[in-house]
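To start, the structure under review is shown below, and the notes come after it.
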Amino acid sequence: MQRGSDRLSVHRDDEMKHELKGLLRSGHPTRVEEWHDPEPAADDDPEVWSGPVGGLGSPASLERTRLELARHLSRHTFPAKPGELARALRRSNAPGGLVDAVAALPHGGRYENMQQLAEAVAGGA
């Protein structure tokens, strides 16, 4: 007979292994029982899990900028000047920092697509 300081019996230990088998094999929540799933991230949580955090001009910054612009602008908005784009962002309730960055772009510029705008905002152009 084995003596130890186990809190669980052998039967309960086997039962718990069986409950977690799908999660351990698949590597993602199986959604059989919701209480096993992790909580989703909140809107105001920092995006540390999504990849490296870069400064201006970095690929990570360009990607985040393009994603945020795509959330608030449609492709029908283009081609447009910075003032028109800033108004469209305000109408779609975009974050103030993004609206300010687009409004601060040179007034003589004209952006044909989302990529050009994201490069200009992120500092890549």
Side-chain angles (χ1 to χ4, degrees):
M1 177 189 283
Q2 178 182 358
R3 291 184 173 252
S5 61
D6 292 338
R7 293 183 352 206
L8 307 173
S9 69
V10 175
H11 300 292
R12 179 68 181 132
D13 191 33
D14 288 339
E15 183 180 327
M16 288 177 68
K17 284 180 187 176
H18 179 71
E19 288 176 1
L20 293 175
K21 188 188 300 184
L23 176 64
L24 295 173
R25 282 188 178 172
S26 67
H28 58 80
T30 56
R31 292 183 172 75
V32 173
E33 295 175 354
E34 285 187 23
W35 60 272
H36 279 300
D37 292 349
E39 276 190 33
D43 291 338
D44 59 345
D45 283 351
E47 294 186 22
V48 176
W49 57 270
S50 65
V53 178
L56 286 177
S58 72
S61 176
L62 176 63
E63 187 174 318
R64 277 197 316 271
T65 303
R66 188 174 53 232
L67 176 67
E68 195 64 30
L69 287 168
R71 285 182 183 165
H72 299 285
L73 296 175
S74 70
R75 62 183 172 177
H76 302 292
T77 309
F78 295 95
K81 294 183 178 183
E84 298 166 356
L85 293 167
R87 282 190 296 276
L89 288 169
R90 281 190 199 97
R91 280 193 305 268
S92 66
N93 297 322
L98 185 64
V99 175
D100 294 342
V102 170
L105 292 172
H107 294 291
R110 185 170 176 85
Y111 300 96
E112 300 296 323
N113 56 37
M114 193 80 62
Q115 182 67 27
Q116 285 180 355
L117 179 62
E119 287 173 356
V121 170

Heavy-atom closest pair (F78 atom, Y111 atom, distance to 0.1 Å) is CD2-O, 3.4 Å
Output for pair (E68 CD, L89 CG), nearest 0.5 Å, gives 9.5 Å
So CG of L117 and CZ of R66: to nearest 0.5 Å the spacing works out to 11.5 Å
Going by heavy atoms in the side chains, are M114 and R75 under 4.5 Å from each other? no
Value for CZ (R64) from CG (L98), rounded to nearest 0.5 Å, stands at 12.5 Å
Note: A103 and R90 closest approach over all heavy atoms is CB-NH2, 4.5 Å
Closest non-hydrogen contact found for P82 with P106 is CG-O, 3.2 Å
Residues A101 and V121: closest non-hydrogen pair is CB-CG1, 3.9 Å
* **L85/L69 under side-chain contact (heavy atoms from CB on, under 4.5 Å): CA gap, chis, key distance, verdict** => CA-CA 10 Å; L85 293 167; L69 287 168; over 6 Å; no
Exercise. With side-chain contact (heavy atoms from CB on, under 4.5 Å) as the test, would you mind laying out the steps for L67 and R71 before giving the verdict?
Key: CA-CA 6 Å; L67 176 67; R71 285 182 183 165; 3.8 Å; yes
K81 and H107 have their tightest heavy-atom pair at CD-O, 4.4 Å
ask   = Should E119 and L62 be marked as a side-chain contact (heavy atoms from CB on, under 4.5 Å) after you check the CA-CA gap, both sets of side-chain angles, and the distance that decides it?
value = CA-CA 6 Å; E119 287 173 356; L62 176 63; 3.9 Å; yes
Scanning both residues in full, the closest heavy-atom pair of L73 with A88 reads CD2-CB, 3.7 Å
Going by an N to O cut-off under 4.0 Å, is there a salt bridge joining R12 and E15?
-> yes
